[in-house]
2 protein chains.
Amino acid sequence: MNDSLNLKFAALADPTRRGILAMLAQGEATVTDLQKPFGISQPAISKHLKVLEGAGLIERGRAAQSRPRRLNTAALAEAGAWIDGVRQLWDDSFDRLDELLADLQQPESKE
Amino acid sequence: MNDSLNLKFAALADPTRRGILAMLAQGEATVTDLQKPFGISQPAISKHLKVLEGAGLIERGRAAQSRPRRLNTAALAEAGAWIDGVRQLWDDSFDRLDELLADLQQPESKE
DNA sequence: TGATTATATAGCCAACTAGATATATAGACG
DNA sequence: CGTCTATATATCTAGTTGGCTATATAATCA
């Protein structure tokens with residue numbers, strides 16, 4: 001259970017894949033387009049795209065013999081939501097109450 | 001260059017580490033505390049903590065013989081900011097102008 | 001001091017990953 | 001049809017990773 005989140009974060013862990021996502025944020029791009037900026041082989045790009053697609057982060061279109069990729073921002077948002085969730089949990093947590101109390105008990109805190 | 005972002009996303013790629021972060025979102029915890037929920041060895045936990053600390057996502061305190069870990073939300077926020085940046089880029093992109101135009105040229109769009 | 005508790009480190013191994021090259025598939029076009 | 005362009009798949013390999021057990025360090029306490 002939540003495997004798709006797992007796939008998303010695993011996909012985001014690679015810098016080349018993040019680069020691909022950044023490129024796709026500016027619009028659709030073909031495999032050949034995507035290959036240029038990174039100094040790696042076409043199969044390597046295709047493999048990365050497969051991972052990204054498996055994570056739902058991108059989608060595959062079709063135009064003539066090319067398969068332009070497009071960003072799926074909703075899937076990206078899910079990863080962002082996990083991060084926000086943890087941060088929110090932290091912000092709302094009462095577990096740090098003792099710290100606050102400790103602070104209040106030392107009125108002459110220098111620094 | 002931006003290596004620290006890399007470390008953050010790599011750290012987030014593992015489900016156990018995300019679990020640890022989720023636990024720490026509710027307050028400090030020791031290595032022993034953290035070990036319980038996951039069915040893995042103490043050294044495995046320590047290794048994960050080392051990765052998380054290397055990414056700046058957590059910090060190490062000290063209390064008697066224990067080293068309680070605490071979440072660093074600012075570092076987490078940086079990963080979130082990258083995601084938001086890509087989404088923003090997509091939202092603001094003019095590359096999809098043609099789509100809009102195509103839409104406008106079909107006035108009888110139902111729905 | 002010696003025993004106990006908490007954590008870290010070392011070394012090992014199986015699984016996975018990112019890259020490469022070689023080859024296959026598929027559509028476009030003359 | 002054959003050729004070119006675009007992409008996908010197969011196979012291999014070196015490097016990384018996540019887990020383990022065994023052991024080391026470090027602080028506490030009797």
Side-chain angles (χ1 to χ4, degrees), chain A residues 2-24 27-72 79, chain B residues 2-24 27-72 79:
Chain A
N2 222 354
D3 200 28
S4 87
L5 190 64
N6 224 325
L7 292 175
K8 285 178 187 57
F9 275 111
L12 288 170
D14 183 273
T16 301
R17 284 194 291 263
R18 287 198 306 278
I20 290 174
L21 292 178
M23 282 190 68
L24 291 178
E28 287 192 351
T30 67
V31 175
T32 335
D33 292 337
L34 292 167
Q35 185 183 352
K36 288 167 197 158
F38 311 98
I40 64 178
S41 68
Q42 171 264 310
I45 295 287
S46 284
K47 209 190 239 180
H48 282 307
L49 292 173
K50 200 170 190 178
V51 173
L52 288 168
E53 192 177 347
L57 293 167
I58 64 174
E59 283 151 13
R60 192 189 332 208
R62 60 184 60 189
Q65 65 275 60
S66 77
R67 300 290 136 84
R69 303 316 210 277
R70 119 185 315 246
L71 194 63
N72 178 2
Chain B
N2 221 353
D3 200 28
S4 87
L5 190 65
N6 222 326
L7 292 175
K8 286 177 185 57
F9 275 110
L12 289 169
D14 184 272
T16 301
R17 284 194 293 262
R18 286 198 306 279
I20 289 174
L21 292 179
M23 281 191 68
L24 291 178
E28 288 192 350
T30 68
V31 175
T32 334
D33 292 337
L34 292 167
Q35 184 184 355
K36 288 168 197 158
F38 312 97
I40 64 179
S41 68
Q42 171 265 310
I45 295 288
S46 284
K47 212 190 236 181
H48 282 308
L49 292 173
K50 201 171 190 177
V51 173
L52 289 168
E53 192 176 347
L57 292 167
I58 64 174
E59 282 152 12
R60 191 190 332 208
R62 60 184 60 189
Q65 66 275 60
S66 76
R67 301 291 135 86
R69 303 316 211 277
R70 120 185 315 244
L71 195 63
N72 178 1

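Every chain is numbered from 1, with letters handed out A, B, ... down the list of sequences. Note that the structure is predicted; figures quoted are calculated from it, not measured. The figures that follow rest on heavy atoms only: side chains count, while hydrogens, waters and symmetry mates do not.
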K.L.:
Sort and list the pairs that fulfil salt bridge (Lys or Arg N to Asp or Glu O under 4.0 Å) and have at least one residue in residues 38-58 of chain A, not counting sequence neighbours.
P.N.:
A:Glu53-A:Arg60
K.L.:
Can you name the residues that form a side chain to side chain contact (heavy atoms under 4.5 Å, CB included) with A:Thr16, not counting sequence neighbours?
P.N.:
A:Asp14, A:Ile20, A:Phe38, A:Ile40, A:His48
K.L.:
Got a list of protein N/O to nucleotides 16-19 of chain D N/O distances below 3.5 Å?
P.N.:
residue : atom : partner : partner atom : Å
D:dG18  : OP1  : B:Arg17 : NH2          : 3.0
D:dG18  : OP2  : B:Arg17 : NH1          : 3.3
D:dG18  : N7   : B:Lys47 : NZ           : 3.4
D:dG19  : OP2  : B:His48 : NE2          : 2.2
D:dG19  : N7   : B:Lys47 : NZ           : 3.1
D:dG19  : O6   : B:Lys47 : NZ           : 2.6

K.L.:
Excluding sequence neighbours, so at least two apart, what forms side chain to side chain contact (heavy atoms under 4.5 Å, CB included) with B:Ala64?
P.N.:
none
K.L.:
Below 4.5 Å, heavy atoms only, C-beta onward: do B:Leu34 and B:Val31 meet side chain to side chain?
P.N.:
no
K.L.:
Please find the pair of heavy atoms, one from B:Ser66 and one from B:Pro68, that lie closest to each other, and give the distance.
P.N.:
O-CD, 3.3 Å
K.L.:
After noting the C-alpha distance and the side-chain angles of A:Arg18 and B:Asn6, does the key distance pass the side-chain contact (heavy atoms from CB on, under 4.5 Å) rule?
P.N.:
CA-CA 9 Å; A:Arg18 287 198 306 278; B:Asn6 222 326; 3.4 Å; yes
K.L.:
Apply side chain to side chain donor-acceptor pair (under 3.5 Å) to B:Ser46 and list each qualifying residue two or more places apart in sequence or on a separate chain.
P.N.:
B:Gln42
K.L.:
I'd like to check the side chain to side chain contact (heavy atoms under 4.5 Å, CB included) partners of B:Gln65; sequence neighbours left out, ordered by chain and number.
P.N.:
none
K.L.:
Extract from the structure each pairing of a protein N or O with an N or O of nucleotides 23-30 of chain D at less than 3.5 Å, listing the distance.
P.N.:
none

K.L.:
Expressed as a whole number of angstroms, how long is the span from A:Gln35:CD to D:dA6:P?
P.N.:
11 Å
K.L.:
First and last nucleotide of DNA chain C in contact with chain A, 5' to 3', at under 4.0 Å to a heavy atom: what are they?
P.N.:
C:dA18 to C:dA28
K.L.:
Who pairs with B:Thr32 by side chain to side chain donor-acceptor pair (under 3.5 Å), at least two apart in sequence or on another chain?
P.N.:
none
K.L.:
The criterion is side chain to side chain contact (heavy atoms under 4.5 Å, CB included); which residues satisfy it with A:Ser41, sequence neighbours excluded?
P.N.:
A:Pro43, A:Ala44
